Amino acid sequence: MSRSLRLVIVGGVAGGASAAARARRLSEDSEIVLFERGPHVSFANCGLPYHIGGVIEQRSRLLLQTPESLNARFDLDVRVNTEVVAIEPEAQVVVARNLKTGKETRQPYDALVLSPGAEAIRPGIPGAGHERVFTLRNLVDSDAILAALARTGEQRVLIVGAGYVGLELAEQLRHRGLPVTLVEKLPHVLAVADPEMAFPLQEELVRQGIDLRLGRAVTAFEPEGEVLVAVLDDGARIPCGLAVLSVGVRPETRLARAAGLALGATGGILVDDQMRTSQPNIYAVGDAVEVREFVSGEPALIPLAGPANRQGRIAAEVIFGRDSHYKASQGTAICKVFDQSFAMTGLSEAALQRKGLAYRRVYLYPADHAGYYPGAQAISLKLLFHPETGRILGAQAVGKAGVDKRIDVIAVAQRAGLTVFDLEDLELCYAPPYGSAKDAVNMAGFVAANVLRGDVELWEPEELAGLTEGQMLLDVRTFQEHAQGSIPGAVCAPLDELRDRLEDLPQDKELLVFCQAGLRGYVAARLLSQHGYKVRNLSGGYLRYAMCQGAHAVPSGC
């Protein structure tokens with residue numbers, strides 16, 4: 001029988017609500033009180049852009065639980081519109097204030113779980129506090145944005161920040177038929193993605209009518225008659241009905257700091273792998289805590305709903321005597337951008353470079369299902385791995401279909417400690433409508449393993465800036481493909497004619513081979529190397545070159 005205790009939880013949504021529900025399943029006799037300063041204790045904040053866009057029509061669909069439903073099912077004492085304003089660790093008491101009446105109460109606890117979440121960042125630019133400038137973190141925010149949209153009618157909406165929420169909101173506002181300008185300070189959308197992998201998303205945004213301003217920042221918001229004007233750092237002035245700031249979040253740590261809880265190097269609440277803080281009997285979960293990043297083992301802030309749910313569950317289990325541990329965050333995530341989807345797990349190439357970690361990379365463009373079955377769509381897949389062991393360091397994929405499945409499989413493989421060699425052997429579902437006999441994940445393993453086994457040497461697009469007289473670009477696609485677009489200076493020698501043209505190729509030059517997506521180039525490289533030629537293949541082929549060119553990432557790293 002589990003012990004009975006007084007459990008207090010501060011904050012609902014993913015982490016707090018999960019901790020409360022798990023605690024009740026472990027202890028029927030404990031007193032469980034959950035404080036939430038907002039009016040909603042458990043809502044789907046990831047669904048907010050889709051409610052604004054009208055895809056999720058009924059607001060009630062976003063309310064996962066209410067105080068009444070939690071009380072009926074789990075016998076929880078849920079107090080909404082009530083903010084915990086102080087923690088007294090020595091007395092093991094929290095002070096809570098009813099935001100409607102102003103009345104304060106003191107609530108004792110045997111164990112305390114903090115789930116305060118993260119707050120939207122409002123950059124300190126003139127006009128950012130204007131009534132027509134919003135952030136989007138909760139239902140109250142979405143209600144306010146919808147009310148403003150009703151007032152402004154068909155006026156343009158300006159979004160600052162092209163992260164996950166900014167992209168989803170841009171899509172959904174276009175779904176409503178509104179003109180949208182999306183401003184991003186970086187030279188590409190999605191800071192977590194590598195530039196060339198974000199390029200297809202940028203193409204899709206423009207194709208769908210988004211006014212995309214990359215490498216630009218808003219320096220001020222100025223009211224001008226019936227509109228709000230966003231002033232950009234290049235002098236552009238963009239009139240809009242309203243603006244939404246989506247430039248990121250920071251952990252909400254005010255309460256923790258005041259109570260003397262230690263913060264980590266990233267500014268999040270410091271916890272161990274059992275979600276314990278530096279104060280006895282106080283735990284913390286969700287977007288407010290600092291976690292360990294899975295690949296590097298370094299501290300990180302990774303505000304995602306899945307980890308928050310697991311952390312809430314783990315905290316409750318530890319409180320009631322179970323030996324549960326949180327096993328780091330991979331940052332596995334996905335984003336829909338109109339007809340394209342982007343997903344990733346682990347570290348990006350840019351992150352690996354920042355951390356000084358050694359890696360290799362390969363690119364491939366397999367179809368989401370068998371090419372002979374109607375409707376097959378290409379997936380752009382990038383795999384990052386250790387140059388000696390083949391350990392999976394990260395993966396990114398973008399495409400119209402099948403992206404989630406492949407990144408999920410690679411995320412599981414990474415979590416399990418598998419290598420690229422193991423990806424070759426995975427036995428995955430196959431039928432023509434769903435995949436291929438050699439799935440995209442298997443293919444990624446084949447390509448990466450070929451590199452590590454020394455079956456093929458690779459060349460990189462950034463090398464084009466320093467080509468020498470001793471090198472030759474060799475396009476092994478068909479003459480028709482070559483005529484439709486190729487790397488400048490390349491000589492075309494189609495793969496199927498290559499054996500008959502060996503005498504035409506210089507033995508004293510290094511041949512830099514490429515095809516459309518990498519496979520024919522690999523076959524050509526194997527053929528040529530066995531005939532004594534010095535040869536390297538371009539992983540991802542011309543498609544990768546084109547993505548890098550479009551992302552303006554050559555020669556800086558594609």
Side-chain angles (χ1 to χ4, degrees), residues 159-168 170-171 182-208 210-217 233-234 246-248 295 331-338 340-357 359-365 378-385 393-400 403 407 444 458-466 485 487 514 517-518 538-558:
I159 301 170
V160 183
Y164 289 118
V165 175
L167 291 175
E168 291 166 351
E171 177 202 61
L182 179 59
V183 181
E184 171 54 56
K185 190 174 183 179
L186 293 176
H188 64 90
V189 302
L190 270 185
V192 296
D194 289 321
E196 74 281 15
M197 300 305 291
F199 177 64
L201 303 181
Q202 293 160 194
E203 285 189 311
E204 181 71 1
L205 289 165
V206 173
R207 188 178 74 83
Q208 296 287 349
I210 299 292
D211 175 22
L212 183 61
R213 308 291 183 100
L214 296 174
R216 298 270 66 92
D233 57 359
D234 63 353
S246 182
V247 297
V295 174
T332 308
I334 191 166
C335 181
K336 176 182 177 295
V337 182
F338 297 101
Q340 294 282 344
S341 295
F342 170 86
M344 70 177 294
T345 192
L347 293 179
S348 66
E349 181 175 1
L352 289 166
Q353 290 175 345
R354 287 194 300 270
K355 295 177 184 296
L357 299 177
Y359 67 92
R360 295 295 301 269
R361 60 187 176 183
V362 294
Y363 296 77
L364 58 157
Y365 300 87
I379 298 172
S380 301
L381 178 58
K382 178 179 185 177
L383 183 65
L384 298 148
F385 51 96
L393 303 178
Q396 299 172 49
V398 61
K400 291 186 176 181
V403 167
I407 292 299
L458 301 180
W459 66 275
E460 305 296 342
E462 50 262 43
E463 295 181 51
L464 292 170
I487 300 175
F514 67 93
L538 175 60
S539 176
Y542 184 73
L543 286 175
R544 178 184 170 203
Y545 166 80
M547 286 174 67
C548 290
Q549 287 289 98
H552 305 291
V554 176
S556 61
C558 269

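Since the structure is predicted, the reported quantities are computational estimates derived from the model, not experimental observations.
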Would the distance check show the side chain of [X] and the main-chain N or O of [Y] forming a donor-acceptor pair, the cut-off being under 3.5 Å?
X      : Y      : value
Ser348 : Ala193 : no
Ser246 : Gly166 : yes
Gln340 : Leu201 : no
Glu204 : Phe338 : no

Can you list everything that forms a side chain to side chain contact (heavy atoms under 4.5 Å, CB included) with Ala517? Sequence neighbours excluded, please.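 With neighbours one apart ignored, the set is Tyr365, Leu543.
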Q: Applying side chain to side chain contact (heavy atoms under 4.5 Å, CB included), name anything that partners Glu168, two or more places apart in sequence or on another chain.
A: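 Only Pro49, Tyr50, Cys335 meet the side chain to side chain contact (heavy atoms under 4.5 Å, CB included) criterion with Glu168.
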Roughly how far, to the nearest 0.5 Å, is [atom2] of [Y] from [atom1] of [X]?
X      : Y      : atom1 : atom2 : answer
Glu462 : Cys548 : CD    : SG    : 7.5 Å
Leu212 : His188 : CG    : NE2   : 12.0 Å
Gln396 : Leu381 : CD    : CG    : 9.5 Å
Ile407 : Thr345 : CD1   : OG1   : 7.0 Å
Phe514 : Ile487 : CZ    : CD1   : 4.0 Å
Leu464 : Gln549 : CG    : CD    : 7.5 Å

Taking the side chain as everything from C-beta on, heavy atoms only, tell me whether [X] gets closer than 4.5 Å to [Y].
X      : Y      : result
Leu458 : Arg360 : yes
Phe199 : Val398 : no
Met344 : Met197 : no
Met547 : Tyr363 : no
Arg216 : Asp233 : yes
Leu182 : Leu205 : yes
Glu184 : Gln202 : no
Leu347 : Leu393 : no

Within a radius of less than 6.0 Å around NZ of Lys336, do more than 12 heavy atoms belonging to other residues, nucleotides or ligands occur?
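Enclosed: over 12 neighbouring heavy atoms sit under 6.0 Å from NZ of Lys336.
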Between [X] and [Y], what is the shortest heavy-atom contact and its length?
X      : Y      : answer
Pro461 : Leu538 : CD-CD1, 3.8 Å
Leu186 : Ala191 : CD1-CB, 3.4 Å
Ile334 : Ala343 : CG1-CB, 3.7 Å
Leu383 : Ala395 : CD1-CB, 4.1 Å

